[in-house]
Protein chains: 2
Amino acid sequence: MSSITNLDFFARRLSQRAALDEEDRAAVSALPFQHRYLNPSAYVVREGEPPRPHCSFVLSGLAFRHKLTVHGARQIVSIHLAGDLLDLQHLFLNIADHSVQALTELEVADIDRDALREMALERPAVGQALWIDGLVDASIYREWVLNVGRRDARARIAHILCEIAVRMHAAGVIDAADFHLPMTQEQLGDATGMTSVHVNRTLKALAKDGLIDHSGRWIAIQDWNKIRREGDFNPLYLHLDQVAPHLPGPLSSMFP
Amino acid sequence: MSSITNLDFFARRLSQRAALDEEDRAAVSALPFQHRYLNPSAYVVREGEPPRPHCSFVLSGLAFRHKLTVHGARQIVSIHLAGDLLDLQHLFLNIADHSVQALTELEVADIDRDALREMALERPAVGQALWIDGLVDASIYREWVLNVGRRDARARIAHILCEIAVRMHAAGVIDAADFHLPMTQEQLGDATGMTSVHVNRTLKALAKDGLIDHSGRWIAIQDWNKIRREGDFNPLYLHLDQVAPHLPGPLSSMFP
DNA sequence: CGATTGATTGAGTCGGCTCAAGATTGGTGG
DNA sequence: CCACCAATCTTGAGCCGACTCAATCAATCG
C-alpha cells in the first residue's frame with residue numbers, strides 16, 4: 001500500500017470542475033488529511049450520527065450509500081467511485097440521514113472537515129467546483145427515482161449498468177465498455193428496488209439477448225446501442241461536460 | 001394580485017439557515033428580481049434547455065419537478081412550496097436534466113441568476129444557507145428513492161402525505177395536520193411510481209382504516225401516529241432543525 | 001474438508017397494472 | 001340558473017411482472 005503526501009489528486013479533480021488558480025490549487029493540495037484503507041462493507045458514514053471531523057474523498061475502490069426501511073429492506077441510493085466525495089452533505093448538515101459503506105476495498109483521503117468547509121465558503125473557485133459535485137449528485141438521485149419508479153426490471157438493470165460503465169470510464173477507472181462489476185446480485189437488487197432472484201433472471205435474459213456477457217460476477221457490455229436503448233439511458237443527467245471535460249477512449253464517441 | 005418590492009422574504013428565509021449579517025441581508029434583499037405569476041402546469045424549467053437568466057424562488061403555491069422515460073411515463077421527483085428555490089441546479093449546471101412545472105397557481109420571484117451565483121460564492125453566509133438548501137433537496141431525493149424502491153403502495157402514499165403535511169407546516173403554509181392537497185390522484189401516482197387507479201384504491205383503504213379523511217381532492221390526516229407508522233415516516237431526512245429552526249404549532253410536538 | 005456466501009432454478013402466489021365503464025366535480029357560456 | 005363539457009374520480013374484472021419460498025449448485029476460505 002503506497003502512501004500519498006498531499007491532495008494534488010483532489011486539486012486536479014476540482015480543477016476539472018472550475019477554474020482554480022495557482023493559489024487555490026496550492027491551498028487545496030495543502031489541506032490537512034489522513035490516508036486510510038477500508039475493508040469491504042466498512043462504514044464510512046452511519047445514519048443518525050453527527051458529522052465526523054473529516055470528509056472522505058475516494059482515491060480508489062467503490063462505495064455505496066444506502067437507507068433502510070423500518071422493516072429492514074435496504075435501498076442503495078448511489079454508487080461512488082474514485083474521484084467522488086463521500087459526504088459532502090456533512091459539510092453543512094448536522095446529522096447523517098443515511099449510511100455509506102465500502103463496496104470493495106476502499107482507499108480514501110479523510111480531509112479535515114472544518115478546513116474544507118472554510119475553503120468551500122471562502123474560495124469561490126473551490127466553492128463552485130464543490131457545488132457542481134453536489135448538484136451532479138442530486139441529478140443522479142433524480143434519475144434513480146425515475147429508474148426505480150417508472151422503469152421495468154429489464155430497463156432498470158440495463159440503466160444502472162450503463163451508468164456505472166460510463167461513470168467508471170469518465171473517472172478513468174476502466175478503458176472499455178467491458179468491465180468487472182464488483183457488486184453481488186443482491187446489491188444490484190438493492191440499487192434497483194428488486195430482489196436478487198429477479199436480478200439473476202434479468203441478467204440472464206439480457207445475456208441471452210446479447211446485450212451483455214455475464215458469468216459469475218463478471219459483466220461485459222456486448223452491445224452498447226442495444227443496452228442503452230433498453231435501459232433508456234441518456235447520459236445528460238451525469239453532466240459529464242462539467243465533470244470530466246475531456247473524455248478519452250471508446251465510450252466518448254457514443255455520448256457526444 | 002399584490003406586488004412586492006424587494007427580497008426581504010428571501011433574505012429572512014436564508015437567515016433561518018445560516019447567520020447572515022446586516023450587510024448580507026441588505027445585499028440579498030437588493031438582488032435584482034422579477035415578480036411573476038404562473039398558471040397551473042406552466043413550465044418553470046424545461047429539460048434539455050440551457051439555464052434561464054434567473055432562478056425562481058417560490059412565494060406562494062406549489063410546483064413539482066419531473067422526468068420522463070422514453071416511453072412517456074412520468075415520474076415526479078419532488079414537490080416544492082413557498083420558500084423553496086426551484087432551480088438551484090441551474091446556478092452551476094449548464095443544462096437542465098429535468099423539468100419543473102407549476103402545480104397550482106404559482107407566485108415566484110425570478111432572481112437574477114448571475115447576481116445570485118456571485119452572492120453564493122462571494123458571501124460565505126449566503127453560500128452556506130444555499131448549500132443547506134441544496135443538501136436538503138438531495139436528502140429528500142434519497143428518501144424518495146427509498147420510498148419508491150422499497151415501500152409498498154400503502155406506505156408510499158402514507159409517506160408522501162406525511163412529508164407534504166410536515167413540510168407545509170414547517171413552511172408556515174398550514175397550521176394543522178388537516179390540509180387540502182392540491183394534487184390529482186394521477187400526480188400522486190406519478191410521485192410514488194403508481195397508477196392513478198391504484199392511488200385511488202389505496203387512499204380509500206387508508207380512509208377506511210381511519211388514517212385519513214378524504215373526499216374528492218380534500219385530504220385530512222386523522223391519525224398522525226398511525227399514518228406515520230404505516231408510512232415509515234421519520235422526518236430526520238428533512239433536517240428541519242436547520243431549515244425551520246423554530247417550528248410552531250401542533251405538529252412540532254410530534255417531531256422533536 | 002466443512003462452512004459460508006453468492007448464484008441459479010423451479011413452482012406458486014399476489015400486488016399492482018391494464019382495460020373499460022360509469023359517476024362526480026368544477027368551470028363555461030348562454 | 002341551467003346545460004354541457006372536460007377533467008377527475010371510482011369501481012369491476014382479468015392479467016402479469018415480480019415476489020416468496022425453497023432447493024441446489026459453485027466458489028472461496030480458514
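Every chain is numbered from 1 and lettered A, B, ... according to where its sequence line falls, protein lines coming before strand lines.
Applying the 3.5 Å distance criterion, the base of dG10(C) shares a donor-acceptor pair with the side chain of R201(A).
A centroid separation of 6.0 Å or more is found between the aromatic rings of Y43(B) and H98(B).
Considering only the side chain of V197(A), dT9(C) comes nearest among dT18(C), dT9(C), dG16(C). Side-chain proximity of H214(A) to dT8(D), dC19(C), dT8(C): nearest is dT8(C).
Residue contacts shown for G193(B) are limited to sugar-phosphate atoms, with no base heavy atom under 4.0 Å away.
In this structure, D190(A) places its CG atom 12 Å from P of dG6(C), rounding to the nearest Å. Between the NZ atom of K204(B) and the C1' atom of dC9(D) there is a distance of 8 Å, rounded to whole Å. Atom CD1 of I212(A) and atom P of dA7(C) are 13 Å apart (whole Å). The interatomic distance linking N200(A) (CG) with dT20(D) (C1') rounds to 15 Å, in whole Å. If you measure from atom CD of E186(A) to atom P of dC19(D), you get 13 Å, rounded to the nearest angstrom.
Each of H66(A), K67(A), Q75(A) was checked for a side chain to side chain contact (heavy atoms under 4.5 Å, CB included) with R142(B), and the lone residue meeting it is K67(A).
Judged by distance alone, the side chain of D209(A) and the main-chain N or O of L211(A) form no donor-acceptor pair under 3.5 Å.
Taking the six-membered ring where tryptophan is involved, the planes of H159(A) and Y237(A) are essentially parallel, since the angle between them stays under 30° and well short of 60°.
Each of Q187(A) and R150(A) was matched to the nucleotide of DNA chain C holding its nearest heavy atom; the match closer to the 5' end belongs to Q187(A). Nearest-nucleotide mapping onto DNA chain C: of Q185(A) and R154(B), the residue sitting toward the 5' end is Q185(A).
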